[in-house]
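Quick one: structure below, then a few questions.
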Amino acid sequence: MRVRKLPFRQQLFIDFLSCFLVGIILANFMGADSFQKNGSLTRYYLKQFQYADIQLQELLWHVGCERLTLFFILLIPMMIPKGRIMHGLFVAWSGFAYGYFCVMSISAFGMKGLLLCLLALFPQFCVYVPVYLGLVELSVHRRTYSGWRGITAVFIFLIILIVGILLESYINPLILQKMLKIF
């Protein structure tokens with residue numbers, strides 16, 4: 001019997017879901033008390049956020065530095081032979097962190113916490129996910145995207161990423177502040 005090898009994107013999706021489940025399980029074993037003591041999703045913190053005057057310019061610089069650094073780190077797999085491992089680690093960490101975050105917010109707010117999980121990623125992840133998948137495509141088919149073709153693709157992804165940074169810095173805080181009034 002032959003074992004069929006999954007395409008790299010499907011492998012990454014399975015990695016994400018597996019690590020998402022591990023994040024959920026680990027968070028459940030730790031218990032909700034640890035979230036209330038140490039977490040930033042306590043009711044007090046979110047009430048402060050709800051009425052805070054967010055310095056959008058400073059948030060833009062912070063988010064921009066974080067996302068652009070990650071973007072350039074995720075370009076490295078295009079240049080090294082075993083770059084897929086780096087993508088696998090990134091996806092594994094993302095899945096774990098999001099699973100952990102979901103349990104943390106649900107333990108603090110019940111089913112409303114699920115809405116918080118979804119809105120915390122909206123609308124910027126509608127942009128970040130396609131950019132990341134494009135970087136995976138460039139990494140997997142790096143011979144096809146060598147030279148100007150690769151540089152052009154990276155430049156286009158960078159412009160799209162900047163749109164995501166702007167959404168995360170200016171639109172997402174407004175959405176979250178309005179949503180927190182429901183809580």
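Because the structure is a prediction, the values reported are computed rather than measured.
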Check: Leu68 and Leu158 side chains under 4.5 Å, non-hydrogen atoms: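 Side-chain contact under 4.5 Å: yes.
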
Less than 4.5 Å apart, any side-chain heavy atom of Phe16 and any of Gln11?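 No, their side chains stay 4.5 Å or more apart.
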
What is the minimum heavy-atom distance between Asp15 and Gly88, and which atoms define it?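 Scanning both residues, the minimum pair turns out to be OD2-CA, 4.4 Å.
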
Output yes when a side-chain donor or acceptor of Gln124 lies under 3.5 Å from a complementary backbone atom of Ala120, and no otherwise.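 A pair under 3.5 Å: yes.
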
Check Ile160 against Val127 and note the closest heavy-atom contact, atom names and distance.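 Shortest heavy-atom separation between Ile160 and Val127 comes out as O-CG1, 3.0 Å.
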
Does any N or O in the side chain of Tyr98 come within less than 3.5 Å of the main-chain N or O of Cys117, such that one atom is a donor and the other an acceptor?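 Checked: pair present.
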
Under 4.5 Å between side-chain heavy atoms, counting indirect links through other Ile/Leu/Val/Met/Phe/Trp/Tyr residues: same cluster for Phe13 and Phe20 or not?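 Yes; tracing contacts between hydrophobic side chains, which count when under 4.5 Å, links both residues.
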
Spacing of Leu56 atom CG and Leu166 atom CG [to the nearest 0.5 Å]: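 Here the rounded value is 11.0 Å.
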
Can you give me the closest heavy-atom contact between Ile106 and Leu114, atom names plus distance?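 Where Ile106 meets Leu114 most closely, the heavy atoms are CG1-N, 3.9 Å.
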
Determine yes or no for a side-chain-to-main-chain donor-acceptor pair under 3.5 angstrom, with Asn172 supplying the side chain and Leu119 the backbone.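 Checking the backbone N and O of Leu119 against the side chain of Asn172, a donor-acceptor pair under 3.5 Å is found.
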
Rounded to the nearest 0.5 Å, what separation is found between the CG atom of Leu133 and the CG atom of Leu12?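 Reported value, rounded in 0.5 Å steps: 8.5 Å.
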
Kindly state whether the ring of Phe125 and the ring of Tyr128 have centres lying under 6.0 angstrom apart.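 Judged by ring-centre distance (under 6.0 Å), Phe125 and Tyr128 do meet the cut-off.
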
Under the criterion side-chain contact (heavy atoms from CB on, under 4.5 Å), I'd like the reasoning laid out for Leu17 against Leu21: C-alpha separation, chi angles, the key distance, then a yes or no. CA-CA 6 Å; Leu17 291 179; Leu21 182 62; over 6 Å; no

Restricting to ring pair (Phe, Tyr, Trp, His ring centres under 6.0 Å), what partner residues turn up for Trp93, sequence neighbours left out?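 For Trp93 the ring pair (Phe, Tyr, Trp, His ring centres under 6.0 Å) partners, ignoring immediate neighbours, are Phe96.
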
Would you check, one step at a time, whether the test side-chain contact (heavy atoms from CB on, under 4.5 Å) holds for Glu168 with Phe122? CA-CA 8 Å; Glu168 185 174 2; Phe122 183 79; over 6 Å; no

Check: Pro123 and Ile175 side chains under 4.5 Å, non-hydrogen atoms: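 Result yes, sub-4.5 Å side-chain heavy-atom pair found.
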
Heavy-atom closest contact (Pro173 atom, Leu59 atom, distance):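 Shortest heavy-atom contact: CG-CD2, 3.5 Å.
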
Atom CZ in Arg9, atom CD in Glu137: separation rounded to 0.5 Å?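 Rounded to the nearest 0.5 Å, the CZ-CD separation comes to 5.0 Å.
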
In this structure, would Tyr132 and Leu89 fall into the same cluster of hydrophobic residues linked by side-chain contacts under 4.5 Å?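 No, because Tyr132 and Leu89 fall into different hydrophobic clusters, even though each may have its own neighbours under 4.5 Å.
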
What's the shortest heavy-atom distance between Cys102 and Ser105, and which atoms?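 Of all heavy-atom pairs spanning Cys102 and Ser105, the closest is O-OG, 3.1 Å.
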
Nearest-0.5 Å distance that lies between atom CZ in Phe90 and atom CG in Leu135: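 Atom-to-atom, Phe90:CZ and Leu135:CG are 9.0 Å apart.
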
Gap separating the CG atom of Leu161 from the CZ atom of Arg67, nearest 0.5 angstrom: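 Reported to 0.5 Å precision, the distance equals 8.5 Å.
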
Under a single-linkage definition using a 4.5 Å side-chain heavy-atom cutoff for Ile, Leu, Val, Met, Phe, Trp and Tyr, are Leu75 and Leu70 assigned to the same hydrophobic cluster?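 They do share one cluster, since a chain of ILVMFWY contacts under 4.5 Å joins Leu75 to Leu70.
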
For the hydrophobic clusters of this structure (ILVMFWY residues joined by side-chain heavy atoms under 4.5 Å, transitively), does one cluster hold both Ile171 and Val131?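 Both belong to a single hydrophobic cluster.
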
What are the two closest non-hydrogen atoms of Tyr100 and Ala27, and how far apart are they?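 That would be CD1-CB, 3.7 Å.
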
Return the CG to CE distance between Leu174 and Met179, rounded to the nearest 0.5 Å.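 If I round to the nearest 0.5 Å, the distance is 12.5 Å.
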
Got a sec: does the CZ of Phe72 have more than 12 other heavy atoms crowding it under 6.0 Å?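 Enclosed.
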
